[in-house]
K.L.:
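Can you read through this structure? Questions will come right after.
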Amino acid sequence: MFRKILIANRGEIALRIIRAAKELGIKTVAVFSEADKHSLHVRFADEAVCIGPNSSKDSYLNIRSILSAANITNADAIHPGYGFLAENSYFAQICSDHNITFIGPSPEAIDKMGDKAVAKATMKAAGVPVVPGSEGVVKTIEEARDVAIKTTYPIMLKAVAGGGGKGMRLIQNEDELNKNFEVIQNEAMSFFGNGDLYIEKLIGDAKHIEIQIFGDRFGNHIHLNERECSLQRRHQKLIEETPSVAVSQKLREKMGKISAAGAKAVNYVGPGTIEYLLDKSGNFFFMEMNTRIQVEHPITEEALKIDLVKEQIRVLAGEKLSLSEHQPMFHSIECRINAEDPFNDFRPSPGKIEGLHCPGGQGIRVDTHIYQNYVVPPYYDSLLAKLITYGRTRQDAIDKMKLALDEFVIEGVKTTIPFHQAMMNNPDFVNGKIDTKYLEKHNWLEYKV
Ligand code: MV4
């Protein structure tokens, strides 16, 4: 087992990882930017090292600083959390070059899934259904026109270096393709340093369903059911839940089996997520694979009563997978509480937490790094807390969420709590009638409480 883990992250996920390490008897090292010197991850870790000024680029993304911190503290592993360096294959490689275990998959697996065209081809070869479209990259406008006609409009033009909603465009007809192909190539080139594009048929009115997978170093690959993540705004997830009302036990087993095979195809080690679009007829199509622990991992933990982060650490230390596949025991929902003003186009609202009361009781979990008088810095993402509830049924989890939201008091900054209260009161949400375009088409204020 590791002796000491450096956590190359901040906020709630840094605390989450420190807790898992403590339970396993492993020492922890926090790293922090100047803006984060009063953060809880700094206080709760055994040691803490300042790695640079406020800007992420100079601190949480500063590979030299982080490796120096690992070196001087004698850390034998680095946990990247999510975001920042979590899906940076160069960082994963550099860690291994310095005899430090990167708590994540191999650099090769990260690279394969980072190039969206390679990821798609790899998954297709493993038997995962993919969206019809081009076979790999489309280099010229002539080729694009041919593929688009065969695929049939409307199509999506996607950058191989994109992902998470970045670098993709809807194209309705050949005229739009002619006008935009080179523009989008150039945009992708300047944005990602790679102008390669591929074509997919548009899958409309779809749900975003992802499957949690887990692998170990002994060739075992399992799935841990789905998460429904359709409620998003500008590609930022707001509410997630498991199981999904749109997934039958039969479909769950099918998607799960296929996803575990996809994970095996890249010798995936640790927790990962395969994202799909699920259309109205129950067809599902591979979108992307996330090679990290995700923000929404707690709903899987609460539905199955497992600990994904402890398992991740054990498996990356070379132990065999101890989890097994089983149906959800509970229904679990997560609301992301952000420091944003939902009445003002979700504008960021950093500042001092003047007052705080967190909800509690049976069926309620709060993952947060905030405390009374904590100052939310403006430099990083706006996640303040993840409010997770669980219960025997979906309705139980919703009822519990309503109570927990009412009890949650955060003063001093604007939060997304009123948005979540409205959603829990919205018949479309309660009846599971949410697709990825829901918030573009509906005004959430209609069901404000
Ligand atoms: C699509 C799509 C429709 N058809 N691909 C958005 C994020 C990235 N993972 C891929 N995305 C999409 N790809 C085809 N062929 C619609 C989306 C999409 C979306 C997907 C999941 C959740 C929210 C979304 C919001 C807008 C578009």
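Fair warning: this is a prediction, and the values are worked out from it, not measured in the lab. Counting starts at 1 for both ligands and their atoms, in listed order.
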K.L.:
Under 3.5 Å between some N or O of ligand 1 and some N or O of Met287?
P.N.:
no
K.L.:
Restricting to non-hydrogen atoms, name the atom on Gly270 and the atom on Val315 that form the minimum distance, rounded to 0.1 Å.
P.N.:
N-CG1, 4.1 Å
K.L.:
So if I count the atoms of ligand 1 from 1 in the order they appear, which ones are less than 4.0 Å from some heavy atom of Met156?
P.N.:
1 (C), 2 (C), 4 (N), 14 (C), 15 (N)
K.L.:
Got a sec: does the NZ of Lys414 have more than 12 other heavy atoms crowding it under 6.0 Å?
P.N.:
no
K.L.:
Students should be able to answer this: which protein heavy-atom is nearest to atom 25 (C) of ligand 1, and at what distance?
P.N.:
His235 CE1, 3.5 Å
K.L.:
Which of the numbered atoms in ligand 1 are under 4.0 angstrom from any heavy atom belonging to Glu200?
P.N.:
5 (N), 14 (C), 15 (N)
K.L.:
Kindly give the heavy-atom pair with the smallest separation between Pro105 and Ala109, and that separation in Å.
P.N.:
CB-CB, 4.1 Å
K.L.:
Number the atoms of ligand 1 from 1 as they appear, then name those within less than 4.0 Å of a heavy atom of Lys437, with their elements.
P.N.:
26 (C), 27 (C)
K.L.:
Would you indicate whether Lys254, at its atom NZ, is surrounded by more than 12 heavy atoms from other residues, nucleotides or ligands within a distance under 6.0 Å?
P.N.:
no
K.L.:
Is Lys158 close to ligand 1, meaning an N/O of one under 3.5 Å from an N/O of the other?
P.N.:
yes
K.L.:
Any idea which heavy atoms bring Gln185 and Leu197 closest together, and the distance?
P.N.:
CG-CD1, 3.6 Å
K.L.:
Can you list the ligand 1 atoms lying under 4.0 Å from a non-hydrogen atom of Leu277?
P.N.:
1 (C), 2 (C), 3 (C), 4 (N), 5 (N), 14 (C), 20 (C)
K.L.:
Please indicate whether Phe191 has more than 12 foreign heavy atoms, meaning atoms of other residues, nucleotides or ligands, lying under 6.0 Å from its CZ.
P.N.:
no
K.L.:
Determine whether the side chain, the backbone, both or neither of Val131 has a heavy atom under 4.0 Å from any heavy atom of ligand 1.
P.N.:
side chain
K.L.:
Which of the atoms of ligand 1 are close to Glu288, meaning less than 4.0 Å from one of its heavy atoms?
P.N.:
8 (C), 9 (N)
K.L.:
Any idea which atoms of ligand 1 are less than 4.0 Å away from a heavy-atom of Leu202?
P.N.:
3 (C), 4 (N)
K.L.:
Based purely on interatomic distance, does Thr436 place a nitrogen or oxygen under 3.5 Å from a nitrogen or oxygen of ligand 1?
P.N.:
no
K.L.:
Short list, please: which atoms of ligand 1 are under 4.0 Å from a heavy atom of Gly165?
P.N.:
7 (C), 8 (C)
K.L.:
Take atom NZ of Lys57 as the centre, draw a 6.0 Å sphere, and report whether it contains more than 12 heavy atoms from other residues, nucleotides or ligands.
P.N.:
no
K.L.:
Would you say Lys237 has more than 12 foreign heavy atoms packed within less than 6.0 Å of its NZ?
P.N.:
yes
K.L.:
Would you find more than 12 non-hydrogen atoms of other residues, nucleotides or ligands less than 6.0 Å from Tyr90 atom OH?
P.N.:
no
K.L.:
Starting from atom 3 (C) of ligand 1, what is the nearest protein heavy atom, named by residue and atom, and what distance separates them?
P.N.:
Ile203 O, 3.3 Å
K.L.:
I want to confirm something. Looking only at heavy atoms, which of Met168, His208, Lys116 is nearest to atom 17 (C) of ligand 1?
P.N.:
Met168
K.L.:
Mark up the atoms of ligand 1 that fall under 4.0 Å of a heavy atom belonging to Glu275, in ascending order.
P.N.:
9 (N)
K.L.:
Looking only at distances, can you tell me whether any N or O atom of Gln232, backbone or side chain, sits closer than 3.5 Å to an N or O atom of ligand 1?
P.N.:
no
K.L.:
Contact between Ile78 and Leu67 at the side-chain level, heavy atoms closer than 4.5 Å - yes or no?
P.N.:
yes
